[in-house]
Amino acid sequence: MAKVISGKEVSAKVRADVKEECERLKEKGVTPGLAVIIVGDDPASRVYVNNKKKACAEVGFVSEEYALPAETTQEELLDLIDKLNNKKEINGILCQLPLPKHLDEKAVINAISPYKDVDAFHPSNVGKIMIGDYHFLPCTPAGVMELIHFAGIDVSGKNCVVIGRSNIVGKPMSMLLLHENGTVTVCHSKTKNLKEICSSADILVAAVGRAKFVKADMVKEGAVVLDVGINRDENGKLCGDVDYAEVEPKASYITPVPGGVGPMTIAMLMKNTLKAAKLQNGMDD
Ligand code: NDP
């Protein structure tokens with residue numbers, strides 16, 4: 001039976017640490033501030049934005065929400081980002097993705113100041129992550145690493161397999177594992193022998209976006225299995241990319257969905273915003 005790595009528990013600890021440090025910053029006259037931009041009325045985005053605002057309030061940050069109508073123009077959005085880039089009270093800027101089709105996501109990401117880019121999506125921050133010299137890590141992969149560390153798992157020399165190569169999860173995830181001396185294989189939809197490759201993994205990260213995609217026959221006995229996926233199963237119930245019931249008996253450690261990687265993402269966003277506030281006020285350690 002696998003040990004369950006609880007994202008609920010670890011994220012609560014991260015948020016408590018951020019809260020404590022936020023109090024120290026406030027004593028020095030600095031209150032971290034996060035601006036969250038949402039364009040249109042996508043219900044999932046609305047839930048994410050509300051959760052981010054709630055987390056800010058909990059750790060003692062100021063949060064500003066900019067809810068823009070779906071028909072907002074590229075120019076209007078870039079104008080707002082420019083204002084926020086120059087607003088002293090705002091340390092972190094986040095534009096909730098996906099954006100409505102007529103808006104250019106790349107241009108929007110590029111417009112956010114790399115110093116306020118707490119999602120770590122800006123090409124300059126992506127480059128810094130690549131060379132291992134960074135201030136911010138992308139929240140979801142950083143959250144996965146936090147879970148690995150919390151469980152006391154040493155990545156060095158392990159066979160690590162990441163299923164998925166998106167810019168926000170799979171690619172940076174593989175880089176973070178590589179930085180910790182894992183031997184990393186990245187799989188995607190064109191990968192041949194996926195089952196075979198996954199079965200060789202000591203550490204398997206699933207970021208596919210397909211409900212219960214990873215089955216027991218893709219997992220080595222005693223593997224560490226980290227499930228990034230957020231999907232709905234055939235009954236509309238929240239589930240991950242891993243078939244938990246099948247895989248759990250084979251794994252040594254596993255993250256559940258919900259309550260695994262999900263809560264870590266927002267906790268790491270709080271950590272990045274705190275770091276941004278410190279950097280912008282010359283307080284970084
Ligand atoms: P994307 O759709 O951007 O990427 C999915 C990746 O999976 C792609 O690289 C794709 O390959 C690969 N893939 C798809 N089908 C297969 C297959 N049959 N075999 C092998 N690889 C395959 O998704 P994201 O990276 O954005 O998200 C992945 C999952 O994580 C989603 O469920 C998402 O909801 C969840 N998520 C969770 C977060 C959290 O906070 N916990 C945050 C972000 C995402 P190819 O590149 O070839 O198309």
Side-chain angles (χ1 to χ4, degrees), residues 5-8 10-12 14-15 36 42-52 54-55 94-99 105-106 109 118-121 126 129 136-148 160-177 184-201 204-215 217-219 225-234 236-244 254-272:
I5 315 175
S6 167
K8 261 192 201 160
V10 184
S11 65
V14 172
R15 291 199 311 271
V36 183
D42 176 57
S45 292
R46 172 43 60 199
V47 172
Y48 290 134
V49 166
N50 287 349
N51 288 343
K52 286 167 188 173
K54 234 167 77 187
L94 180 156
C95 188
Q96 188 65 45
L97 302 178
L99 290 170
E105 252 175 43
K106 251 194 212 165
I109 289 171
V118 284
D119 263 336
F121 291 165
V126 174
I129 292 158
F136 308 124
L137 288 176
C139 301
T140 303
V144 172
M145 294 313 293
E146 196 83 16
L147 292 174
I148 289 176
C160 304
V161 174
V162 180
I163 322 176
R165 58 171 165 181
S166 70
N167 288 334
I168 61 167
V169 190
K171 275 187 211 159
M173 186 71 246
S174 64
M175 207 45 67
L176 300 194
L177 290 164
V184 185
T185 308
V186 184
C187 299
H188 45 79
S189 65
K190 307 287 184 294
T191 298
K192 294 199 168 76
N193 308 326
L194 183 69
K195 198 190 281 186
E196 211 170 86
I197 297 168
C198 291
S199 309
S200 74
L204 180 64
V205 182
V208 196
R210 291 178 175 227
K212 302 182 187 178
F213 179 81
V214 176
K215 302 288 181 191
D217 63 0
M218 295 167 74
V219 176
V225 180
L226 299 132
D227 190 351
V228 178
I230 302 177
N231 314 293
R232 298 270 166 194
D233 70 8
E234 57 285 1
K237 218 177 129 208
L238 211 60
C239 74
D241 288 343
V242 174
D243 190 327
Y244 190 90
I254 193 165
T255 60
V257 178
V261 176
M264 294 306 296
T265 299
I266 291 186
M268 301 318 280
L269 175 70
M270 298 298 110
K271 209 170 161 171
N272 279 350

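We count ligands from 1, going down the list as the structure has it; atoms in each ligand are counted the same way. Only heavy atoms go into these numbers, but all of them, side chains included; no hydrogens, no water, no symmetry mates.
The structure places CG of L269 at 4.5 Å from SG of C139, a figure rounded to the nearest 0.5 Å. Distance check, rounded to the nearest 0.5 Å: CZ of F121 to CD1 of I168 gives 5.0 Å. Interatomic distance, K54 NZ to N50 CG, rounded to the nearest 0.5 Å: 8.5 Å. Here the OG atom belonging to S45 is positioned 8.0 Å from the NZ atom belonging to K52, to the nearest 0.5 angstrom. Once rounded to the nearest 0.5 Å, the distance linking CD1 of I163 with CG of D227 reads 9.5 Å.
Every residue was checked against the side-chain hydrogen bond (donor to acceptor under 3.5 Å, both in side chains) condition with N272, not counting sequence neighbours, and none meets it.
Listed by chain and residue number, the protein contacts of ligand 1 are T140, I163, G164, R165, S166, I168, V169, H188, S189, L194, A207, V208, G209, R210, F213, V228, G229, I230, N231, V261, G262, T265 (heavy atom within 4.0 angstrom).
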